[in-house]
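Keep in mind that what you see is a predicted model, and the values were worked out from it rather than measured.
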Amino acid sequence: MGKAASATLQGDLLSVQPYRDDRGQGTPGRTFLLEVKDAALSSVLMSSLSMLDRLLVEKTSAVRERHMEEVVDFMTKRMLVPSTVELDMAQRLATRHARVLNEFGYFTAEQLADANRSQAGNRAALADNWRKRRQIFAVPHPEKTARERDVYPAFQFEEHKPIKAVHDVLEAFGAHKAPWKQALWFTSNNGWLPGNARPVDLLTTDSQAVIAAAKRDAEGSAA
């Protein structure tokens, strides 16, 4: 059982010490010195300390209980067994992600820097700059055990440089699509395009149609 904040009166100075647990470690806080110049007020304040002590204990207990509930909820979610439907959906989505990278390939930031003969000491600087300007996008590599980094689907590039239409598409979507949803949009058949084509197949041959399709889909997402 930890100790609540304590208060001691020495002459006319009231010292309030922060809460300390059983290991003697204090919670983040400060020590205050309160000067009481009136004897009557001092008596009232001292009589209120017991109530203050109880309130502090109750507040600390409530915060700890709420934190514990959050930890339990987090652990429970990770321990729950996914339903058959959820597993099937996850499997199909994982297959689509892998298909994109297998069909079109991908580049790492270092590979893009090397291909463009970047002289920057930070080998990710070039790709990061393009990414910040929404000229390209990255997706998390599915093999997290082997690659704790993002990769750039190769269909965004021509001779290792960003295709301009990609920037216009990303601008159209803004923050409406997560990275993998962006990748799937580019590589999925689209009813707004001639012959229900995939945007990725028209990026350089009919970029205006791709941009127009992105704007229409973005309007639908925002509606």
Pair R198-E103, salt bridge (charged side-chain N to carboxylate O under 4.0 Å, His left out): steps then yes or no
CA-CA 13 Å; R198 302 182 304 178; E103 179 178 357; 3.1 Å; yes
Might you work through the side-chain contact (heavy atoms from CB on, under 4.5 Å) test for T108 and Q111, ending with a clear yes or no?
CA-CA 5 Å; T108 64; Q111 288 173 329; 3.2 Å; yes
Could you tell me whether the side chain of [X] and the main chain of [Y] form a donor-acceptor pair under 3.5 Å?
X: N129; Y: A125; result: no
X: D150; Y: A138; result: no
X: Q119; Y: R117; result: yes

Do [X] and [Y] come within less than 4.5 Å of each other through their side chains, counting heavy atoms only?
X: Y106; Y: V139; answer: no
X: L193; Y: P199; answer: yes
X: V166; Y: L203; answer: yes
X: H167; Y: E171; answer: yes

Side chain to side chain contact (heavy atoms under 4.5 Å, CB included) against N116, all qualifying residues, sequence neighbours excluded
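N116: side chain to side chain contact (heavy atoms under 4.5 Å, CB included) contacts with L126, W130, H160, K161.
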Electrostatic pair R123:E110 at N-O distance under 4.0 angstrom
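E110 and R123: not salt-bridged.
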Would you mind checking if D128 and K132 are paired as a salt bridge, meaning a charged N to carboxylate O distance below 4.0 Å?
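Salt bridge absent between K132 and D128.
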Within a 6.0 Å radius of atom CD on E70, are there more than 12 heavy atoms belonging to other residues, nucleotides or ligands?
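Yes.
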Residues R96 and S188: side-chain donor-acceptor under 3.5 angstrom
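A pair is found: one side chain offers a donor N or O, the other an acceptor, under 3.5 Å apart.
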Going by distance alone, is a donor N or O of one side chain under 3.5 Å from an acceptor N or O of the other, for N190 and D217?
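Their side chains do contain a donor-acceptor pair, which is all the 3.5 Å distance test asks for.
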Same cluster for [X] and [Y] if Ile/Leu/Val/Met/Phe/Trp/Tyr side chains link at under 4.5 Å?
X: F104; Y: F107; result: no
X: V151; Y: V100; result: yes
X: V210; Y: L170; result: yes
X: W185; Y: Y152; result: no
X: L202; Y: F173; result: yes

Using the ring pair (Phe, Tyr, Trp, His ring centres under 6.0 Å) rule, collect all pairs that involve residues 186-216, keeping only residues at least two apart or in two chains.
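The answer is F137-F186, F155-F186.
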Which residue pairs satisfy the side-chain hydrogen bond (donor to acceptor under 3.5 Å, both in side chains) criterion with at least one member in residues 202-215, sequence neighbours excluded?
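Residue pairs with at least one partner in residues 202-215: there are none.
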Distance from L80 atom CG to E86 atom CD, nearest 0.5 Å?
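Those atoms lie 9.0 Å apart.
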With rounding to the nearest 0.5 Å, note down the distance linking CZ in R99 to OG1 in T95.
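Nearest 0.5 Å value for the CZ-OG1 distance: 6.5 Å.
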Take R64 and M68 through the side-chain contact (heavy atoms from CB on, under 4.5 Å) test and state the conclusion after the steps.
CA-CA 6 Å; R64 281 184 168 181; M68 181 61 68; over 6 Å; no
Show, in sequence, the C-alpha distance, side-chain angles and deciding distance for Q156 and I163, and conclude whether the side-chain contact (heavy atoms from CB on, under 4.5 Å) test is met.
CA-CA 6 Å; Q156 306 174 87; I163 296 174; 6.0 Å; no
Would L184 and L93 count as a side-chain contact (heavy atoms from CB on, under 4.5 Å) if you check the C-alpha gap in whole Å, the side-chain angles of each, and the deciding distance to 0.1 Å?
CA-CA 10 Å; L184 293 177; L93 194 57; 4.0 Å; yes
